[in-house]
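Note that these values count all heavy atoms, side chains included, but never hydrogens, waters or copies made by symmetry. Here is the naming used below: chain letters follow the sequence lines, and residue numbers restart at 1 for every chain.
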2 protein chains.
Amino acid sequence: MADVTLRDVARVSGCSVATVSRVLAGTRPVGAETARRVREAAETLGYRPNHAARALRSRSTGTVGLVLPQITNPFYPALVRELTHALHAGGRAVLLADCDDDPVAEAEYIADLLGRQVDALLVIPAHEERSRDAVTAAAARVPLVLMDRGCGPAVADSVAVDNTAGMALVLDHLAAAGRRRVCFLGATGTASAAAERRAAYAAGAAALDPGAPDQVALGDFSVEWGRAAVDEVWAARPDALVCANDLIAIGALQRLQQLGVDVPGEVAVTGFDDIPMAALSAPGITTVRQPVTELAAEAARLLGRRLAGGEEGSPRQAIRLTPELVVRESSVARPAGTAGGTVPAPGGAASLLAD
Amino acid sequence: MADVTLRDVARVSGCSVATVSRVLAGTRPVGAETARRVREAAETLGYRPNHAARALRSRSTGTVGLVLPQITNPFYPALVRELTHALHAGGRAVLLADCDDDPVAEAEYIADLLGRQVDALLVIPAHEERSRDAVTAAAARVPLVLMDRGCGPAVADSVAVDNTAGMALVLDHLAAAGRRRVCFLGATGTASAAAERRAAYAAGAAALDPGAPDQVALGDFSVEWGRAAVDEVWAARPDALVCANDLIAIGALQRLQQLGVDVPGEVAVTGFDDIPMAALSAPGITTVRQPVTELAAEAARLLGRRLAGGEEGSPRQAIRLTPELVVRESSVARPAGTAGGTVPAPGGAASLLAD
DNA sequence: TTGAAAGCGCTAACAG
DNA sequence: CTGTTAGCGCTTTCAA
């Protein structure tokens, strides 16, 4: 029951601790027979390496810190899931810190994680500017990958969705569906999601309607703002509301339903991110799905490369992954035959189970 | 830049490493002047304790493992948030493992976390029976607290919501609103949320309607089941659907709207948990809010007590916290004056911000 | 291919 | 109150 150490395994298998270490770590060639005996002894004794000792000696804890602005942001749980799986697959454990959207707390968590000898850091910065110092300092000490949001140019390797491509998918879809009077319900600020989606809308909407780039209402990424934004733009009688994320779209949809407006008949509504709620609202929301699994895989890969070494001098990488359009009922009128009674197919909706 | 060790601090402050250790850890009284010099030296050198070395020596990593069935379960992000905050407040870091509802993966993660010398474990078991062996074994090695779900009697300390009290809140509310033909849309299985809520419904519903305890449809905790369940019970023309969780309630609501049924006019719908989506659906769903902050605080407190020691022999504690009823539009007809046009007050809905 | 030995940075006896 | 000393369990030279 008590902890079995390398010495115990060495004694039982009749060789030295050094040999046992080599067998178990596979760092150097060891005689086949010896190796077998060692492995057998380790097995029967139930040997478990002591990571603290290993870390002290080898200066590597096999641990990665994950710093988030807010785990309750509905886009993050799926990302955290994929990240932990990708990192665990590489034999690493994940230390989680939720900084509650506070850059000061974020800096403290980062310092604490560095003190705990994390091998690397994965950070979704809480703030475009105010996270920069802490992130830059941390990036000088360990490999660090930024995710989802930016934090100034070339501060560290980064992985994020291609917001411009995503917005283009939405606009193409709306154009193909014959929508012409388009409005954008977005968010203020310089954060990448807000700024890039805004800019991509402005760039792409002119092709639909010369006046569209000016039909813009800016607030924050919330349901409340989505509700309020409808009232700001409804007088222009748009036939499509392009929302900068799914929460805004949900709010817009609620307000439209309250006003008795037919969606998608009178107006189409689109979101961005594909959070679980986008599939569950009625009508389901057409949105841009972030490639969460690929985002996580890329982040893990970048970390792995830097950890493997030999990349010290290589330039920062900024990886952008192309998202996918998920078409649901909020942008496409149902075929006439299925108007009543049938359950709408929740297009590719992930099944949510909970208790 | 290079790592500063206790020796460096000792040399600069002119005393022994032991003294420095004492000052910084506060384990023993140290002369005021010496302490000052040590602290000053540590400060100017930028000393950061090496947690790996500390862990190796003191057999305590200051780290707690958190093992979850599925972070994407919409009830867990808020719980994870509160747990990490509560534990960080106690100076502990959190190692996160998401086992994807697989008890085998769960056992592996638990073993890995133990190998990493976590001081304690917080486990939301993936399965009532199949998680038991791994949990029991782990509980023999470190303090372990079970959360949210059960895992056999007296396996470890546990913290969960009082499902019986929660269901009683719902039934009282419906009775006061004059509802009499009540149906339960629940889940099969022996997991505590399913079984306890089912039993509490059966016990409480008889007071409303002698036939109500038999008006039960059982599936799983999903939106899909919520939709299907309506069709199973609708023939009985209930005036209230009591759902075992919010996802079932969301599905039920969707199906009812599709059938053109007025909610809450013809039928009231209630949920359980108060996940974010419950506030965002239209109408908002009346539900039982789990006391997430208190749940987390209790779990942290139990862990702290066991870690402080002196409790080795004390019996397992099973703490049940009383939830709160959150009344929204799905169970209460709007006052006549506010029927049209105004934005519904999203009763206490947490503001969700995302990008 | 293997073993002996030297620590990694820190804490905890044990003296003084 | 403070210093000396002995390791925690492991990896990694250096010799054999």
J.: Write down the atom of B:A139, the atom of B:V155, and the distance for their closest heavy-atom approach.
T.: CB-O, 4.0 Å
J.: Would you sort out whether A:E40 and A:R37 count as a salt bridge (Lys or Arg N to Asp or Glu O under 4.0 Å), showing the intermediate values?
T.: CA-CA 5 Å; A:E40 187 179 291; A:R37 283 213 321 281; over 6 Å; no
J.: Once you round it to whole Å, what is the distance between C1' of C:dT11 and CG of B:N50?
T.: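 Rounding to the nearest Å, CG of B:N50 and C1' of C:dT11 are 13 Å apart.
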J.: Write down the distance between CG (B:L24) and P (C:dG9), rounded to a whole number of angstrom.
T.: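 Interatomic distance, CG of B:L24 to P of C:dG9: 16 Å.
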J.: Any donor-acceptor pair under 3.5 Å linking the side-chain atoms of B:E106 with those of B:S131?
T.: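 Yes, a side-chain donor-acceptor pair sits under 3.5 Å.
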J.: Tell me, what's DNA chain C's dot-bracket, Watson-Crick or G-U with both distances under 3.5 Å, | for other-strand, [ ] crossing?
T.: ||||||||||||||||
J.: On DNA chain D, compare the nucleotides closest to A:A53 and B:T19; which residue's is nearer the 5' end?
T.: B:T19
J.: Using a 4.5 Å cut-off on heavy atoms from C-beta on, say whether the side chain of B:V67 contacts that of B:I110.
T.: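 When only atoms from C-beta onward are counted, B:V67 and B:I110 do touch, with a gap below 4.5 Å.
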J.: Exactly one of B:L302, B:V123, B:L79, B:V161 should register a side chain to side chain contact (heavy atoms under 4.5 Å, CB included) with B:M147. Which one does?
T.: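 Per the side chain to side chain contact (heavy atoms under 4.5 Å, CB included) rule, the option paired with B:M147 is B:L79, out of B:L302, B:V123, B:L79, B:V161.
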J.: Looking at every heavy atom in both A:V142 and A:D119, which two are closest together, and how far apart are they?
T.: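 Result for this residue pair: CB-O, 3.7 Å.
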J.: I'd like the 5' and 3' limits of the part of DNA chain D contacted by chain B, with heavy-atom contacts below 4.0 Å.
T.: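 So the outermost contacting nucleotides come out as D:dC1 to D:dG9.
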J.: Are more than 12 heavy atoms, taken from residues, nucleotides or ligands other than B:R7, located less than 6.0 Å from that residue's CZ atom?
T.: no
J.: Counting side-chain heavy atoms from CB outward, which of C:dT1, C:dT2, C:dG9 is closest to B:T5?
T.: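 Closest nucleotide among those given: C:dG9.
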J.: Could you tell me whether B:R301 atom CZ has more than 12 heavy atoms of other residues or ligands within 6.0 Å of it?
T.: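 Correct, the count exceeds 12.
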J.: A:R39 and A:E43: salt bridge (Lys or Arg N to Asp or Glu O under 4.0 Å), yes or no, with the steps?
T.: CA-CA 6 Å; A:R39 259 186 274 275; A:E43 174 74 21; over 6 Å; no
J.: For the pair made of CG in A:L56 and C1' in C:dA6, what is the distance, rounded to whole Å?
T.: 13 Å
J.: If you restrict it to nitrogen or oxygen atoms, what contacts under 3.5 Å exist between nucleotides 12-16 of chain C and the protein, and what is each distance?
T.:
{"from": "C:dA13", "atom 1": "N6", "to": "B:R22", "atom 2": "NH2", "distance (Å)": "2.8"}

J.: Can you check whether B:R116 reaches B:T63 side chain to side chain, under 4.5 Å on heavy atoms?
T.: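 No. Closest side-chain heavy atoms not under 4.5 Å.
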J.: Yes or no on side chain to side chain donor-acceptor pair (under 3.5 Å) for A:Q70 and B:R81, after CA distance, side-chain angles and deciding distance?
T.: CA-CA 8 Å; A:Q70 275 264 45; B:R81 175 178 184 280; 3.1 Å; yes
J.: Closest nucleotide of DNA chain D for A:Y47 versus for B:A35: which of these residues is on the 5' side?
T.: B:A35
J.: What is the distance from CD of A:E33 to C1' of C:dT1, rounded to the nearest Å?
T.: 14 Å
J.: Starting from C1' on C:dA5, measure out to CG on A:L6 and report it in whole angstrom.
T.: 15 Å
